[in-house]
> 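Here it is, the structure, as structure tokens.
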Amino acid sequence: MNPPNLRRADLMAGCLLLVGCASSPAGNEPAAPAPEPVGSPTAPPAEGEGRGPAVTYRPVRNAAYTMVRHDSLSLQYPDGATQAQVRDRTAHLHLTVGEAGAPDAYAVTIVLDSLVALENGAPVPLDSVASSRGTRWTGTLTRSGELSALTADRSSTLGDEVGSRLRLLFPSLPAEGAREGLTWTDTTQYQVVADAFQGTEQAVITYRAAEPAGESSGGSQEVIALQGTGSYTRSGTRSQGDQELQMTASGSRESVHRLGLDGVLVSGQGNESGKMEISVPALGQTVPVVQAGSYSITAAGSGN
């Protein structure tokens, strides 16, 4: 049997790649599956007394967004030692939602214009960033925010990671549209690339539509605020050398998205916290991880 310190060092080497693998050039990892909802195919029903106009998603052309994501991990070892990892991403995107020729469906195109990626405060190598720049995702969207599989025109470590977050641009809406005072619960399962693992995530989020507090980020633009609270579970695997690493995670989420009455996202922000376990079955080793993340989405305007 390996000495405890050696066993810990073996597992730490694997866990270090939670940050390090994001710096690997494209092609070193298998292509990630596109995020695809496989839960309920219908929009969730709403409860409560609604007020004001019903908001649903509408076509928009060449809308620019900046999505900022911050994640931190604290790996906890049996001897009391900890290992901190911090990941920061700033993605600049363009979004077009257009008619798809099918009832209640729009064609969606999202392009990654540029990306700034930091690991523990240090820039990710430029070749990894360059391989993700220009990635184009296409899919379909319903008026209530049900997003189909997003198909990427290329695969890269950083691009696949960004692709897993694009659903944040489309919070769920009830079938008849979001109106102030309504609440609804969305249960969705989809594939993700998160913390260097490819896997499946399920989220249960309850939304409440309300009048935004204070002045909206759109200035005089009329908006509706979607306040979300809920939970998530996640599982996945990845290989390092000849070892398989397994991951399970769960936690809670909160968010606020602001939609214009024209059905176009104005801004969004949210945070999550939870616990994760990373195990190496072949070695019988497991490390608990405390994780936290936050994001913000801001609209930079739209083209004509």
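Note that the coordinates shown come from a computational prediction; the quantities given were computed from them, not determined experimentally.
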> Is there a donor-acceptor pair closer than 3.5 Å between any side-chain N or O of Y65 and the backbone N or O of L265?
yes
> Rounded at 0.5 Å granularity, tell me how far CG in L245 sits from OG in S279.
7.5 Å
> Taking the side chain as C-beta and beyond, is there a heavy-atom pair between I278 and F197 under 4.5 Å?
yes
> Does A196 offer a backbone N or O that forms a donor-acceptor pair with the side chain of R238 under 3.5 Å?
yes
> Is the shortest distance from a Lys or Arg side-chain nitrogen in R208 or E254 to a carboxylate oxygen in the other one below 4.0 Å?
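No, this pair does not count.
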> Say you draw a straight line from CG of L93 to CG of D113; how long is it, rounded to the nearest 0.5 Å?
7.0 Å
> side-chain contact (heavy atoms from CB on, under 4.5 Å), that's the test. Do Q202 and T187 meet it? Break it down for me.
CA-CA 7 Å; Q202 181 171 359; T187 300; 3.4 Å; yes
> Partners of R179 by salt bridge (Lys or Arg N to Asp or Glu O under 4.0 Å), sequence neighbours excluded?
none
> Are more than 12 heavy atoms, taken from residues, nucleotides or ligands other than Q246, located less than 6.0 Å from that residue's CD atom?
yes
> Determine whether V108 and W137 make a side-chain contact, defined as any pair of heavy atoms from C-beta on separated by less than 4.5 Å.
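No, every pair of side-chain atoms sits at 4.5 Å or beyond.
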> Once side-chain contact (heavy atoms from CB on, under 4.5 Å) is applied, do any residues pair with V68, and if so which ones, sequence neighbours excluded?
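With neighbours one apart ignored, the set is T66, T90, S296.
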> Write down the atom of S155, the atom of D160, and the distance for their closest heavy-atom approach.
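For S155 and D160, the tightest heavy-atom pair comes out as OG-OD2, 2.9 Å.
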> Can you check whether V86's main-chain N or O pairs, donor with acceptor, with N120's side chain at less than 3.5 Å?
yes
> By the definition side chain to side chain contact (heavy atoms under 4.5 Å, CB included), identify the one residue from V287, V289, T82 that meets it with Q76.
T82
> Between the main-chain N or O of S172 and the side-chain N or O of W184, is there a donor-acceptor pair closer than 3.5 Å?
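Confirmed, W184 side chain pairs with S172 backbone.
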> Once side chain to side chain donor-acceptor pair (under 3.5 Å) is applied, do any residues pair with R136, and if so which ones, sequence neighbours excluded?
none
> Once you round to the nearest 0.5 Å, how far does CD1 of I205 lie from OG of S255?
6.5 Å
> Please lay out, stage by stage, how T109 and T138 fare under the test side chain to side chain donor-acceptor pair (under 3.5 Å).
CA-CA 5 Å; T109 300; T138 55; over 6 Å; no
> Looking at E47, I want to see if its CD is surrounded by more than 12 non-hydrogen atoms of other residues, nucleotides or ligands under 6.0 Å.
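No - once you tally the heavy atoms of other residues, nucleotides and ligands closer than 6.0 Å, there are 12 at most.
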> Could you state the interatomic distance from CD (Q291) to OG (S250), rounded to the nearest 0.5 Å?
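Spacing of CD (Q291) from OG (S250) equals 8.0 Å.
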> For T188 and R167, run side-chain contact (heavy atoms from CB on, under 4.5 Å): C-alpha distance rounded to whole Å, both residues' side-chain angles, the deciding distance at 0.1 Å, then the answer.
CA-CA 11 Å; T188 313; R167 64 178 39 259; 4.1 Å; yes
> Given side-chain contact (heavy atoms from CB on, under 4.5 Å), test R87 with D195 step by step and report yes or no.
CA-CA 9 Å; R87 180 180 300 113; D195 302 319; 3.4 Å; yes
> What are the two closest non-hydrogen atoms of T56 and G177, and how far apart are they?
CG2-CA, 3.6 Å
> Can you see which heavy atom on V97 is nearest to which on R58, and at what distance?
CG1-O, 3.9 Å
> Side-chain contact, heavy-atom cut-off 4.5 Å: D153 with T135?
yes
> For the pair L115 and V124, evaluate side-chain contact (heavy atoms from CB on, under 4.5 Å) and give the outcome as yes or no after the intermediate values.
CA-CA 10 Å; L115 178 68; V124 168; over 6 Å; no
> Do any N or O atoms from the side chain of H257 and from the backbone of G270 form a donor-acceptor pair under 3.5 angstrom?
no
> Within 45 degrees of the ring normal and closer than 6.0 Å to the centroid, is that where the cationic atom of R165 sits relative to Y295?
no
> So do the side chains of L173 and L259 get within less than 4.5 Å of each other, counting heavy atoms only?
yes
> Mind listing the side-chain donor-acceptor pairs of residues 224-237 below 3.5 Å, one per line with the distance, residues two or more places apart or on another chain?
from, atom 1, to, atom 2, distance (Å)
R234, NE, E201, OE1, 2.7
R234, NH2, E201, OE1, 2.9

> Under a single-linkage definition using a 4.5 Å side-chain heavy-atom cutoff for Ile, Leu, Val, Met, Phe, Trp and Tyr, are V116 and V111 assigned to the same hydrophobic cluster?
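As far as the 4.5 Å side-chain criterion goes, V111 and V116 are not connected within one cluster.
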> Looking at every heavy atom in both A203 and R253, which two are closest together, and how far apart are they?
CB-NH1, 3.8 Å
> Test of understanding: with side-chain contact (heavy atoms from CB on, under 4.5 Å), list the residues that count as partners of T142, not counting sequence neighbours.
D104, S144, E146
> Considering residues at least two apart in sequence or located in another chain, which fulfil the ring-ring contact (aromatic ring centres under 6.0 Å, His included) criterion with F170?
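With neighbours one apart ignored, the set is Y57.
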> Rounded to the nearest 0.5 Å, how far apart are CE of M67 and CD1 of I297?
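M67 CE to I297 CD1: 4.0 Å, rounded to 0.5 Å.
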> Would S156 and S132 count as a side chain to side chain donor-acceptor pair (under 3.5 Å) if you check the C-alpha gap in whole Å, the side-chain angles of each, and the deciding distance to 0.1 Å?
CA-CA 6 Å; S156 64; S132 67; 4.8 Å; no
> Under the 3.5 angstrom rule, does the side chain of S267 hit a backbone N or O of T298 as a donor-acceptor pair?
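It does not hold such a pair.
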> Going from CD on E211 to CD on E222, what distance comes out if it is rounded to the nearest 0.5 angstrom?
9.5 Å
> Could you pull out the closest heavy-atom pair between Q198 and V193, with the gap in Å?
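Looks like CG-CG2, 4.1 Å.
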> Counting C-beta onward and ignoring hydrogens, is there a side-chain heavy-atom pair between R89 and V162 closer than 4.5 Å?
no
> Can you name the nearest heavy-atom pair linking V266 to G260, along with the distance?
CG2-N, 3.6 Å
> Quick one: do L182 and V256 end up in the same hydrophobic cluster if we chain Ile, Leu, Val, Met, Phe, Trp and Tyr together by side-chain heavy atoms under 4.5 Å apart?
no
